[in-house]
Amino acid sequence: MHEQRSTRIFERITSPSRVIARIGLILVSTDEMGGDAFISIMPKDKVAVFQTRAAYDYREGIFSIRTSFKEVADTLPPVGRLDLLAFSCSSWTVAMGAENVLSQLKEARPGIKYTSPAHAGIAALRQLNARRIALLSPYELALHRLLPPFLSGNGFEITADGTFATSSGTENNELRPEIIFTAAKELVRHNSPDALFMSCTAMPIVAYIDALEREIGIPVISSTQAMAWDALRLSGYDLPIDGFGRLLASPRR
């Protein structure tokens with residue numbers, strides 16, 4: 001017979017997390033840039049970011065999630081372990097209606113805070129007192145054309161707009177920085193906008209925002225940068241963060 005031995009039970013000693021916010025970030029399946037760019041902005045050891053992905057279908061300006069926001073949110077830390085839920089897709093939010101998307105996020109994880117690039121972009125432009133906006137996106141023309149009415153409906157004047165008319169969400173990730181700079185400079189050259197808004201979390205621009213602002217002389221707002229700024233603002237973190245443009249370099253209010 002085997003000798004029976006008792007299992008030792010050790011004293012549990014834990015160290016609660018000292019972060020000020022725990023953020024759940026829902027990316028779309030084709031976005032290879034937005035997650036890393038969002039995390040790069042977060043102050044180290046102050047914010048924890050948990051990523052998940054949503055598979056989707058898109059046809060003629062209509063997005064549809066293959067499961068539900070609740071099922072996607074359920075892959076994140078459980079109730080009580082998240083402070084904010086962020087949905088990282090600008091075009092989806094605009095195409096499906098910003099308030100509709102916000103409502104779905106609230107149903108998916110009730111009782112916390114929420115943001116998206118569309119909500120955050122509007123708040124960020126207002127933070128900078130920008131009214132006249134130059135607009136750049138990578139989207140196909142039909143999707144891009146949804147953006148000016150959305151911005152105009154929120155009180156902004158579009159001075160010029162342009163798009164790279166990419167053929168897929170995946171292609172957005174691979175746009176070269178130099179062509180983004182060239183397009184941005186062309187859009188602001190003769191129109192005197194207060195700011196440049198760059199829509200799409202998958203467009204690789206976050207690391208270059210400071211440099212682009214120096215070249216064009218006005219604030220640059222990108223989808224991911226604005227959403228990171230808004231997430232920090234909603235979480236109560238208001239210290240300046242350098243390296244990502246004027247928006248984050250100034251205190252949040």
Step-by-step side-chain contact (heavy atoms from CB on, under 4.5 Å) determination, Leu25 to Phe50: CA-CA 6 Å; Leu25 181 65; Phe50 305 93; over 6 Å; no
When you measure from the side chain of [X] to the backbone of [Y], do you find a donor-acceptor pair of N or O atoms at a distance under 3.5 Å?
| X | Y | value |
| --- | --- | --- |
| Ser29 | Ala55 | no |
| Lys113 | Leu234 | yes |
| Glu171 | Ser167 | yes |
| Ser235 | Tyr237 | no |
| Arg132 | Asn191 | yes |
| Thr166 | Pro138 | yes |
| Gln225 | Phe244 | yes |
| Arg22 | Arg81 | yes |
| Thr163 | Tyr139 | yes |
| Arg109 | Ala73 | yes |

Worked check of side-chain contact (heavy atoms from CB on, under 4.5 Å) between Leu196 and Leu212: CA-CA 10 Å; Leu196 170 67; Leu212 181 55; 4.1 Å; yes
Whether Phe87 and Trp92 hold their rings parallel, tilted or perpendicular, with breakpoints at 30° and 60°: perpendicular
Is there a side-chain contact between [X] and [Y] (heavy atoms, below 4.5 Å)?
| X | Y | result |
| --- | --- | --- |
| Phe63 | Leu143 | yes |
| Asp194 | Ile218 | no |
| Pro43 | Leu232 | yes |
| Phe181 | Glu215 | yes |
| Thr170 | Glu32 | yes |
| Ser152 | Ile158 | yes |
| Val19 | Lys46 | no |
| Ile122 | Leu151 | yes |

State, without any angle test, whether [X] and [Y] hold a side-chain donor-acceptor pair at a distance under 3.5 Å.
| X | Y | value |
| --- | --- | --- |
| Tyr58 | Ser91 | no |
| His119 | Asp230 | no |
| Ser199 | Ser137 | no |
| Tyr208 | Glu213 | no |

Ile41 side, atom CD1; Met227 side, atom CE - distance, nearest 0.5 Å: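 Going from the CD1 atom of Ile41 to the CE atom of Met227 covers 9.0 Å.
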Thr201 and its side chain to side chain donor-acceptor pair (under 3.5 Å) partner, picked from Asn173, Asp31, Thr224, Asn172: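 Of all the options given, the one that passes is Asp31.
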Looking only at non-hydrogen atoms, find the nearest pair between [X] and [Y] and report the distance.
| X | Y | value |
| --- | --- | --- |
| Thr93 | Ala118 | CG2-CB, 3.6 Å |
| Ile133 | Leu125 | CD1-CD2, 3.7 Å |
| Ala134 | Val188 | CB-CG1, 4.0 Å |
| Pro117 | Ser90 | CB-OG, 3.2 Å |
| Met33 | Ala202 | CG-O, 3.4 Å |

Step-by-step side-chain contact (heavy atoms from CB on, under 4.5 Å) determination, Met42 to Ile23: CA-CA 10 Å; Met42 294 294 116; Ile23 297 172; 4.2 Å; yes
From CA spacing to verdict: side-chain contact (heavy atoms from CB on, under 4.5 Å), Ile112, Leu84: CA-CA 6 Å; Ile112 58 175; Leu84 183 142; 5.6 Å; no
Test: Arg66 cationic atom under 6.0 Å from Tyr56 six-membered ring centre, within 45° of axis: no
Same apolar cluster (I L V M F W Y, side chains within < 4.5 Å links), Ile221/Leu146: yes
